Amino acid sequence: AELDPGFAAYLASAGITPARLADQARLVLGKPGSQWYPVLPGDAEAAPLAELNTAYRALRERWQGCHEALRERMLEARGAYAANAVLHTRPESLFAPAHLFFAAEEFAFTTHDLSALAYFRLSQINKVKKGQTPPPDEHGFFQACEEFLLAAERCRSALAVLLQVWKQAFFRATADCLRRLKQQRQLQSFDDLLNDVAQALARNPELGARLHARYPIALIDEFQDTDPVQYRIFETIYRPRGGTLFMIGDPKQAIYGFRGGDIYTYIGARRQVDPGRAYTLGRNHRSVAGLVKAVNGLFEDGEVPTFGHDA
């Protein structure tokens with residue numbers, strides 16, 4: 001399907017290129033148990049780009065007809081503003097960026113810097129000192145500028161939501177395509193094996209009972225690097241049956257996020273454990289004096305055989 005030109009321009013302004021999308025898809029699809037959260041249908045409606053462009057053209061026409069008068073009125077009223085305010089110190093400097101803003105016939109987030117109009121909006125024009133009067137809005141430009149900028153902000157927010165909806169659809173389509181290709185070529189990844197087991201356990205409680213009967217006790221070392229699917233498998237097997245599951249981990253050593261390890265899986269599992277059955281290793285047994293002495297004794301002669309040779 002073809003993209004709306006305005007939305008395509010917004011994607012470009014947000015740096016969303018095919019290469020970047022491919023990188024993001026690898027991250028999302030390579031994370032076991034990835035989920036996409038639904039967005040309310042109403043939020044998925046196209047952003048009002050056409051309406052915003054119509055408002056831009058009207059504002060541009062108004063600017064072309066009144067900018068000289070605006071300059072005169074704003075210079076005359078500069079004393080109404082605080083001494084350090086831009087509208088007091090350099091109101092004339094605001095016109096060059098505004099001229100550049102209105103140079104194009106069509107509006108696009110990629111080429112238009114909305115800050116160029118920041119001091120022309122009515123809410124800024126009215127920020128005068130107490131007892132002072134702002135320049136008159138004889139041509140209605142200040143009010144129209146305020147309304148346009150508010151509409152642009154709403155449109156940008158709608159575009160951000162639309163982008164998330166669009167990316168979710170892209171990732172889902174990519175996942176479906178990848179799944180079909182693997183089925184056609186009879187391929188399975190390690191993540192596929194995990195997901196298949198998790199789904200089989202969800203469909204067939206008897207499978208969990210049989211695995212528990214065969215392996216009544218399980219121990220997971222380096223638990224901080226467990227991903228959500230792996231933990232769901234063990235939780236399904238052991239938790240409903242009061243099985244014995246030892247989870248040994250140190251969250252400070254969680255270094256395998258790039259391979260799917262999820263520290264929040266560790267945190268969630270830790271919170272489910274009865275405090276009376278959670279233990280902390282208060283002493284480092286890897287570095288007891290006897291072990292250090294033995295290792296030093298192994299290396300003190302300097303004649304240590306290399307790996308692959310008999311000692």
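By convention here, the first residue in the shown sequence is residue 1. Keep in mind the model is a prediction, meaning the values are calculated, not measured.
- Ring geometry, F170 versus W166: the interplanar angle falls under 30°, so the pair is classed parallel (tilted spans 30 to 60°).
- Considering every non-hydrogen atom in both Q124 and A118, the closest pair reads CG-O, 3.1 Å.
- Rounded to the nearest 0.5 Å, atoms CG (L100) and OG1 (T111) are 9.5 Å apart.
- The CG atom of L181 sits 11.0 Å away from atom CZ of R179, with the distance rounded to the nearest 0.5 Å.
- For the pair L187 and D192, the tightest heavy-atom approach, listed with the atom from each and the gap, is O-OD2, 4.5 Å.
- In the hydrophobic clustering of ILVMFWY residues, with side-chain heavy atoms under 4.5 Å counting as a link, I217 and Y279 come out apart.
- Side-chain atoms of Q224 come within 3.5 Å of backbone N or O of D250 as a donor-acceptor pair.
- Here R62 contributes atom CZ and H139 contributes atom NE2; the two are 9.5 Å apart, rounded to the nearest 0.5 Å.
- A 4.5 Å side-chain heavy-atom check between I125 and D137 finds every atom pair outside the cut-off.
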*Dump the intermediate steps for salt bridge (Lys or Arg N to Asp or Glu O under 4.0 Å) on E153 and R121, then the final yes or no.*
CA-CA 13 Å; E153 291 162 7; R121 64 193 307 167; 3.4 Å; yes

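- Classification of R26 and D23 as a salt-bridged pair holds, one side-chain N sitting under 4.0 Å from a carboxylate O.
- Annotation: side chain of H99 is in contact with side chain of H67 (closest heavy-atom distance under 4.5 Å).
- The number of heavy atoms from other shown groups lying within 6.0 Å of CD (Q132) is above 12.
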*Evaluate the criterion side-chain contact (heavy atoms from CB on, under 4.5 Å) for residue pair L194 and D227; output intermediate values, then yes/no.*
CA-CA 10 Å; L194 289 173; D227 67 48; 3.9 Å; yes

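- If you take CD1 on I233 and CG on N195, they are separated by 8.0 Å, rounding to the nearest 0.5 Å.
- Across A198 and R232, no two heavy atoms sit closer than the pair CB-NH2, 4.1 Å.
- The closest side-chain heavy-atom distance from R214 to R210 is not below 4.5 Å.
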*Apply the test side-chain contact (heavy atoms from CB on, under 4.5 Å) to residues V273 and M247: give CA-CA distance (whole Å), side-chain angles for both, the deciding distance (0.1 Å), then the verdict.*
CA-CA 10 Å; V273 173; M247 297 173 288; 3.7 Å; yes

*Show your working on side-chain contact (heavy atoms from CB on, under 4.5 Å) between Y215 and I237 and close with a plain yes or no.*
CA-CA 10 Å; Y215 305 103; I237 295 171; over 6 Å; no

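- For the pair V86 and P91, the minimum side-chain heavy-atom distance is 4.5 Å or more.
- The minimum heavy-atom distance between P251 and Y266, with the atom names listed, is CD-OH, 3.4 Å.
- Checked by atom type, the side-chain pair K167/Q24 shows a donor-acceptor distance below 3.5 Å.
- Ring centers of Y231 and F223: under 6.0 Å apart, within the cut-off.
- Side chain of R60 to main chain of A104: a donor-acceptor pair is present (N/O by atom type, distance under 3.5 Å, no hydrogens or angles).
- Using a 4.5 Å heavy-atom cutoff, the side chains of T265 and Q230 are not in contact.
- R78 and H88 get closest at one heavy-atom pair: O-ND1, 2.9 Å.
- The heavy-atom pair separating V128 from T133 by the smallest distance is CG1-C, 4.3 Å.
- Distance check: D221 CG to I248 CD1 gives 5.0 Å after rounding to the nearest 0.5 Å.
- Taking hydrophobic clusters as Ile, Leu, Val, Met, Phe, Trp and Tyr residues chained together by side-chain heavy-atom distances below 4.5 Å, L245 shares a cluster with I267.
- Salt bridge E92/R71: absent, no basic N to carboxylate O contact under 4.0 Å.
- In this structure, W63 has its ring center no closer than 6.0 Å to that of F101.
- Aromatic ring centres of H212 and Y238: separated by under 6.0 Å.
- No option in L49, T54, L52 other than L52 meets the side-chain contact (heavy atoms from CB on, under 4.5 Å) test with F107.
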*Test log, rule side chain to side chain donor-acceptor pair (under 3.5 Å), inputs D113 and S115*: CA-CA 5 Å; D113 182 1; S115 65; 2.8 Å; yes

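- In this structure, the side chains of E76 and P135 stay at 4.5 Å or more apart for every pair of heavy atoms.
- In this structure, F120 has its ring center closer than 6.0 angstrom to the ring center of F95.
- Classification of R57 and E106 as a salt-bridged pair holds, one side-chain N sitting under 4.0 Å from a carboxylate O.
- Atoms OG1 and OH, on T89 and Y81 in that order, are 12.0 Å from each other to the nearest 0.5 Å.
- Side-chain contact, D225 with Q253: no donor N or O sits under 3.5 Å from an acceptor N or O.
- Within the 6.0 Å centre-distance limit, the rings of H112 and Y56 are counted as a close aromatic pair.
- Inter-residue side-chain proximity for F142 and M74 is flagged as met; some heavy-atom pair is nearer than 4.5 Å.
- A heavy-atom distance below 4.5 Å is found between the side chains of L94 and L87.
- E105 CD: 12 or fewer foreign heavy atoms inside a 6.0 Å radius.
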*I would like to know whether T244 and L219 meet side-chain contact (heavy atoms from CB on, under 4.5 Å); could you show each step before the answer?*
CA-CA 8 Å; T244 302; L219 183 151; over 6 Å; no

*side chain to side chain donor-acceptor pair (under 3.5 Å) between E147 and Q143, worked out*: CA-CA 6 Å; E147 293 172 359; Q143 178 63 42; 3.0 Å; yes

